[in-house]
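This report concerns only the one structure given below.
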Amino acid sequence: MTEPRFYMSAQQQSQSAKKPQTAITPTRAEDFPAWYQAVIRAADMAENSPVRGCMIIKPYGFAIWEHIQDILGGMIKDVGVENAYFPLLIPLSFIAKEAEHIDGFATECAVVTHHRLEKGPDGGLIPASPLSEPFVIRPTSETIIGEALSNWVRSYRDLPMKLNQWCNVMRWEMRPRMFLRTSEFLWQEGHNCFETAEDGNEDARKMLDVYATFLEDALAIPVIRGEKTPEERFPGAIATYTVEAMMQDGKALQAGTSHDLGQTFSRSANIRFQGRDGGEHLAWTTSWGMSTRTIGGLIMVHADDDGLIMPPKIAPYHVSIIPVVKADNEDRVVAYAKALEQDLKAAGFRVKCDVRDDRPSNKMWESIKKGVPVRVEVGGNEVDQGTVTAVRRDLGRESKQTLDKSAFVAQLGGMLDDMHKALYARAKAFRDERIFDVETLDEMDAFFGDESKFGFVRMDAALLADPKFAELKKKYAVTPRCLPFADNGAKAIIGKSY
RNA sequence: CGGGGUGUAGCUCAGUCUGGUAGAGCACUCGCUUUGGGAGCGAGGUGCCGGGGGUUCGAAUCCUCUCACCCCGACCA
């Protein structure tokens, strides 16, 4: 890895020449996976727990998830879906009902087999009473929600029925990674139920659109919308739709999926209704989910060698205020900073006024590493002049400007909008420059074989059936990410993925 | 689940080959001087050397088992 493989503006490059020390070591170019872990720690988002594959999400990381819940949750309700909650434990017999489904999930299920602990001979505790039927800790809830729907759906007048739950799920992962693939993770899973095949398919596509809109408008992550190939489909689905994003190492991340389940689960769960024709029919269902993995994507799309960069709409804080005090002006500066905090809060912004007893420079670096969109410094000069000095995280110190306090409060919304657009544009340009159209599998071989190139290949979807594609897939550990809607299924996007 | 690597202070790591009283930088605590992109000087605290078992007079170091983390695969809505 000799050339810089990551996005750097000329400005950032000159900066790094001046200041080779980055807040995060190693840098993206040096060791991307280690950089990713370091960003999470530096921003105090999460850490590993005593339980393998299960992470502790710390307040700063969880605040991001809460904003995702607020925004995405609102969008889900806006399309007529209601929230509910279903059990964590699923009877083994439910999971076993659908053959293809259990084939897909069997290897990653955690199973609860006992319900009581007793003192063992060594004084330790041992599970004592076996359950008559083991439970599976939900890896997803199609089966148990299907069971409920079979009771709730009687007539075509009950349809559509649209449910969503925010919950944790467990999939026993062989290779866990913070946020990206943890054994326990948080998500929302939606389960909708319809009268006709057309209604179901239209819904699966609509919910994918909700995800795409959310990712682009709230997280500033550009996505490719498309359909998974049959091999990549959700077990039991007749079609799986996906939104794929490109990380700064050129790998793909599936940021949300939506499944047209046809009648697979209504058949196994017996979701029947009396139709307009008086006859009995199987319902058509969909399911769709987005998880805390998205937070990993957020990091890998936007963060830089100084740490996180938060898209303003889901940033835990829009602004951090850093008082720069001297011995003789501390009271005045702190009072000014707190007044500014109140003004900004009154204007609807999320603000952190950092009055801790610490050096201003340390507070600034913390703000940078946490990716707070706008950092405000107020000291004696600002107090005297009634101004604030503001810096945008994505642009760095070069963007430092001093504004009249009231003008700043009035302009902050616009600054945050601009930053959102800039993050999106930067990520989109990065991605678009790294999607390469190829005509043949030899060209695909040449692309993935070239160390200096990384990203996605786009090619004729018919090439997926060529036996040589299977060889290349194995050789480079790449997979078809999707058949983009934009090409009406004629093209396939190929890449490495998380 | 296969292959490889790493576990030593809050963090990054040296020390392990060749066994002999536990180390550095940063961070932390106190004091003074400082304060607009990671301050300076002085003083101070910090460890079941991942865990169990062994070899040895003596183990961070050697042997063995185990756990965790990281990487490459396999697997994976």
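Chain letters run A, B, ... following the sequence lines, proteins first, then strands; residues in each count from 1. Atom set for the values below is all heavy atoms of this structure, side chains included, hydrogens, waters and symmetry mates excluded.
A:Glu189 comes within 4.0 angstrom of nothing in the nucleic acid, heavy atoms only. A:Trp288 comes within 4.0 angstrom of nothing in the nucleic acid, heavy atoms only. In this structure, A:Thr240 reaches neither bases nor backbone, as no heavy-atom distance under 4.0 Å exists between it and the strands shown. Across all strands shown, A:Ile322 has no heavy atoms under 4.0 Å from either base or sugar-phosphate atoms. Residue A:Gly236 is out of contact with every strand shown, counting any heavy-atom pair closer than 4.0 Å. Counting any heavy atom pair closer than 4.0 Å across all strands shown, A:Arg293 reaches no nucleic acid atom. Contacts of A:Glu382 with the nucleic acid, taken as non-hydrogen atoms under 4.0 Å apart, include base atoms. Within the 4.0 angstrom heavy-atom criterion, no nucleotide atom of any strand lies near A:Pro50. Residue-level contact check: A:Pro139 touches neither bases nor backbone, having no heavy atom under 4.0 Å from any strand. Looking at heavy-atom distances under 4.0 Å, A:Lys363 makes no contact with the nucleic acid at all. Within 4.0 Å (heavy atoms only), A:Gly256 reaches no atom of the nucleic acid at all. A:Tyr476 comes within contact range of no nucleotide atom at all, as no heavy-atom separation falls under 4.0 Å. Residue A:Pro33 is in sugar-phosphate contact alone, with no base atom involved, counting any heavy-atom pair closer than 4.0 Å across all strands shown.
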Residues 43-50 of chain A, side-chain donor-acceptor partners within the protein, below 3.5 Å, at least two apart:
unit_1	atom_1	unit_2	atom_2	d
A:Asp44	OD1	A:Lys58	NZ	2.8
A:Ser49	OG	A:Val51	N	3.1
A:Ser49	OG	A:Val51	O	3.1
A:Ser49	OG	A:Cys54	O	2.4

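When the P atom of B:rC71 is taken as reference, atom NZ of A:Lys251 falls 8 Å away, rounded to whole Å. What separates CD of A:Glu47 from C1' of B:rC69 is a distance of 14 Å, to the nearest Å. In this structure, the CH2 atom of A:Trp35 is 17 Å from the C1' atom of B:rC71, given to the nearest Å.
Residues A:Thr389 and A:Glu382 bring a donor and an acceptor atom of their side chains to less than 3.5 Å of each other. There is no side-chain donor-acceptor pair under 3.5 Å between A:Asn329 and A:Tyr336.
In this structure, the side chains of A:Pro176 and A:Arg52 come closer than 4.5 Å at one or more pairs of heavy atoms.
Atom CD1 of residue A:Ile144 and atom CD of residue A:Gln165 lie 9.0 Å apart, to the nearest 0.5 angstrom.
A:Ser361 has no side-chain polar atom (N or O) that falls below the 4.0 Å cut-off from OP1 or OP2 of B:rG36. Contact annotation: A:Gln254 does not reach the phosphate of B:rA77 (side-chain N/O to OP1 or OP2, under 4.0 Å).
Pairing of B:rG42, defined by two Watson-Crick or G-U wobble distances under 3.5 Å, is identified with B:rC30. Under the Watson-Crick and G-U wobble criteria, each requiring two contacts below 3.5 Å, nucleotide B:rA68 is paired to B:rU6.
Nearest nucleotide to the side chain of A:Met174, out of B:rG73, B:rC1, B:rC76: B:rC1. Candidate nucleotides B:rA77, B:rU35, B:rG73 were compared by shortest atom distance to the side chain of A:Val324, and B:rU35 ranks first. Distances were taken from every side-chain heavy atom of A:Asp306 (C-beta onward) to each of B:rA77, B:rG38, B:rG37; the shortest belongs to B:rG37. Picking from B:rC72, B:rG73, B:rG38 the nucleotide with the shortest atom distance to the side chain of A:Lys369 gives B:rG38. Taking only side-chain atoms of A:Arg175, from C-beta outward, the nucleotide of B:rG73, B:rC72, B:rC69 with the closest atom is B:rC72. When the nucleotides B:rG36, B:rC75, B:rC70 are ranked by their closest atom to the side chain of A:Thr389, B:rG36 comes out on top.
For A:Arg52 and B:rA68, a side-chain-to-base donor-acceptor distance below 3.5 Å is absent, hydrogens and geometry of angles not being considered. The base of B:rG37 is not paired with the side chain of A:Arg359 by any donor and acceptor separated by under 3.5 Å. A donor and an acceptor atom never sit less than 3.5 Å apart when one is taken from the side chain of A:Glu377 and the other from the base of B:rG37.
A salt bridge links A:Lys228 with A:Glu244; the closest basic N to acidic carboxylate O contact falls under 4.0 Å. Salt-bridge formation is not detected for the pair A:Asp354/A:Arg375: no Lys NZ or Arg NE/NH1/NH2 atom is positioned less than 4.0 Å from an Asp or Glu carboxylate oxygen.
Taking atom C1' in both B:rG3 and B:rC48, the straight-line distance is 32 Å, to the nearest Å.
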Notebook entry, point to check: If the sugar-phosphate is the primed atoms plus P, OP1 and OP2 and the base is the rest, what is the B/S/- string for nucleotides 4-14 of chain B, using protein heavy atoms under 4.0 Å?
Noted result: -------SS--

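Both geometric conditions, a ring-centre gap below 5.5 Å and a plane tilt below 30°, are not fulfilled together for A:Phe234 over the base of B:rA77.
Here the closest non-hydrogen pair linking A:Gly262 and A:Ile238 is CA-CD1, 3.7 Å.
Note: A:Phe32 and A:Trp35 have tilted aromatic rings, judged against thresholds of 30 and 60 degrees for the angle between ring planes.
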